[in-house]
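Inspection log for the structure reproduced underneath, given as structure tokens.
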Amino acid sequence: MERKEFRELTPVEEARQLINRIIARSDTEHLKIEDSAGRILAEDIFSPVDVPAFNRSVKDGYAIHAKDTYQASEPEPVKLKMTGSIPAGCSDTFFAGEGEAIEISTGAPIPDGADAVVMVEQTKGVDDNILVYQPVHINENIMKAGSDIMKGERVLRKNTRIGSREIGVLASVGMKEVPVRKLLVGIISTGNELIEPGNSLGKGLIFDANSYAIAASVEEAGAIPKMYGIIPDDGKMMEEGLDRAIRECHMVLTSGSTSAGVGDIMYKIIEDKGKTLTHGIAIKPGKPVVIGMIDGIPTIGLPGNPTSALSIFNEFVAPIIHNSLGTAPSFRTKVQAVMGTGIRSGGREELFPVGVIRGRAYPADKTSGAITTLSDADGIIEINAETEYIDAGSPVEVTMFGNVRIPDLMYVGGQCPGVDILEEETGMVFRMLNMGSSAGLTAIAGETTDIAGINMPGADGNYNLPVVRKMNLSDVVLAKGYKRELGLIFRKGERISGLEDLIGLKFKFINRNRGSGTRTVLETELDRLAKEKGISRNELTKSIKGYNSTSKTHRSVCDTIKDGRADVGFGLRNTAEESGLGFVPVTEDEFDFVIRKDLLDIREIQVFLNALRSEEFSRRLPAGIHTYEMTGSIISPF
Ligand code: AMP
Ligand code: MG
């Protein structure tokens, strides 16, 4: 198959103009009011009734003639004869004559004759009479028929999105059925590597994230998603799937198979079946996008990478849906921030995902290809093609994704159940990137995190402080955390009693990733063992089967052992026990927090430190993790 190259990328502005000319046809359907939330009104709604339908009292009191009360005062109340009582919902006819009062409840219809209601608090009942202590004016405490909504009045405009307020209005004018727009959007994921969530993940497979994320986005935009599931990378099957979706829907979105890779054929199919309007837009992430028309149905091939797919959806597909429905785009909040670090941009317009913490924006663009890029991001900044570099401290405008809650504190470092408990205890939201101790240290050095969580043994056997000193991190402090029992993890029944059992080829080991503190702790222990045996660590690890295979978290080490892909690993007691695995202790580490010195006084860090020092935190720690006399103390490395 011929390889397509992106020589001619459509500039963003041109793509936007092109998008604005695309309209998807839609139908109208009638839904029960209770099923209409989130949908778009297809017609103007005029009220068939007055609301309220009759003059009604807004207070508990007495319906009277206002002029009877004009002389009333505290020392000289006016006396009126009470002639009846009207509860709410009463349909009897009443008449209040001059000099008379009729008891009335809030919401009840005003009797003929009466032109005001005096509140019960301003009266006193005496036998069959009431005394009124204050004058009331005509219409006081009366809500006139139609004063809320008048019969024939337009209460809702067409193309309005139906939310709780609109549903309240529709119900209060007595509507039971609502005309709404029906814009069906077919959603197809492509790729041999995809499998539906809920299945077990075989080798080389990934879960289909796009179908679900795109369906949710379609719904957010006011249209109706129709999922067609996963189609393998097979031209014929893709064609059939696309045909069906085009017959059944008003618009079709595919994802995957749009780049220039061999076998990426979606663009070819769209080209064959209809008209390609553009293939490739000059933005990052996500330039491989095909926009076409097949039989009058807008058909858009989104990139496979979930981050790119959603970015392109937000920028180019949501506007088509809004134009087609006549709705205003949902309000996207913009916040002003300053760049927390400098970022480099690559000579074309970019929509750059960022996370925002306390007014500072950080790149959330780890690598493309991970949904985490997007879930770590709060919004995007637009960088124009001429900008090559944005310095730290430059002001930027962040367009937020939906209703994201901006986290209070940023944490990068080792993954640890203690940190999860700390987050809960603070009542705050952490942006938590569990990427290992080394990544935490790199981030704190680059000022891209507030806190780094580390468990790094130094050469002298002390934890963490030697590493911070070695890295020459002078603008930080070390907040001492807690101790954690680390040891060997294995299926119950295996005969493993210590590190020596790893040597030889009996058991297959699963190691932690490089950069993980826990791996460094193990290396330190192995150094000790090697010394005892008079060999080098290298020689020792060569005799450990599987030493180079790695897993990224405590939990995944346990999973690997549980399902038999390895026999033994090294990690936390607590995780082993939770996984129902055996554990023998090898050593205790110290898990500490590196905190930027300039942040020590801010509220969020204070709350964090208070939580760390609290008895409640200490009490909640699981087996194998405990606080000690140093917990919460602050050490300056220099
Ligand atoms: P493609 O455009 O088909 O080459 O896909 C680009 C990348 O996105 C590949 O790594 C795919 O595995 C991934 N990808 C494609 N479709 C999906 C999907 N529906 N969910 C998650 N990842 C996907
Ligand atoms: Mg693919």
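As the structure lists them, so they are numbered: ligands from 1, and atoms in each ligand from 1. Predicted model, so just to flag it, every value in this text is computed and none were measured. In what follows, every heavy atom counts, from backbone to side chain, and hydrogens, waters and symmetry copies are set aside.
- Where the criterion is an N or O separation shorter than 3.5 Å, residue side chain and backbone included, Pro303 fails it with respect to ligand 1.
- Formation of a donor-acceptor pair under 3.5 Å by the Tyr411 side chain with backbone atoms of Gly414 is found in this model.
- Applying the 4.0 Å criterion to heavy atoms of Asp208 picks out, from ligand 1, the atoms 18 (C), 19 (N), 20 (N).
- Taking the six-membered ring wherever Trp is involved, the centroid distance between the rings of Phe593 and Phe608 falls below 6.0 Å.
- Considering backbone and side-chain atoms together, Ser211 places no N or O closer than 3.5 Å to any N or O of ligand 1.
- Salt bridge Lys273/Asp243: present, at least one basic N to carboxylate O contact under 4.0 Å.
- Counting atoms of ligand 1 from 1 in the listed order, those under 4.0 Å from a heavy atom of Asn305 are 6 (C), 7 (C), 8 (O).
- Ligand 1 has Pro306 within reach: a non-hydrogen atom of the residue lies less than 4.0 Å from it.
- With a 4.0 Å heavy-atom cut-off, ligand 1 is reached by no atom of Ile230.
- The line from CE of Met339 to OH of Tyr362 is 9.0 Å long, rounded to the nearest 0.5 Å.
- For the atom pair Arg39 CZ and Leu183 CG, the distance stands at 9.5 Å (nearest 0.5 Å).
- The minimum heavy-atom distance linking Asn314 with Pro319 is given by the pair O-CD, 3.6 Å.
- When side chains are defined from C-beta on, Glu315 counts as touching Leu351, because their heavy atoms get closer than 4.5 Å.
- Ligand 1 places these atoms under 4.0 Å from at least one heavy atom of Ile206: 12 (O), 21 (C), 22 (N), 23 (C).
- With respect to the salt-bridge test (charged N to carboxylate O, under 4.0 angstrom), the residues Arg519 and Glu523 qualify.
- In the vicinity of Phe207, heavy-atom distances shorter than 4.0 Å reach the ligand 1 atoms 20 (N), 21 (C).
- Short contacts between ligand 1 and Ser257, defined as distances under 4.0 Å to a heavy atom of the residue, involve ligand atoms 1 (P), 2 (O), 3 (O).
- Listed by number with element, the atoms of ligand 1 under 4.0 angstrom from any heavy atom of Glu193 are 11 (C), 12 (O).
- Against a heavy-atom cut-off of under 4.0 Å, Ser189 is close to the following atoms of ligand 1: 19 (N).
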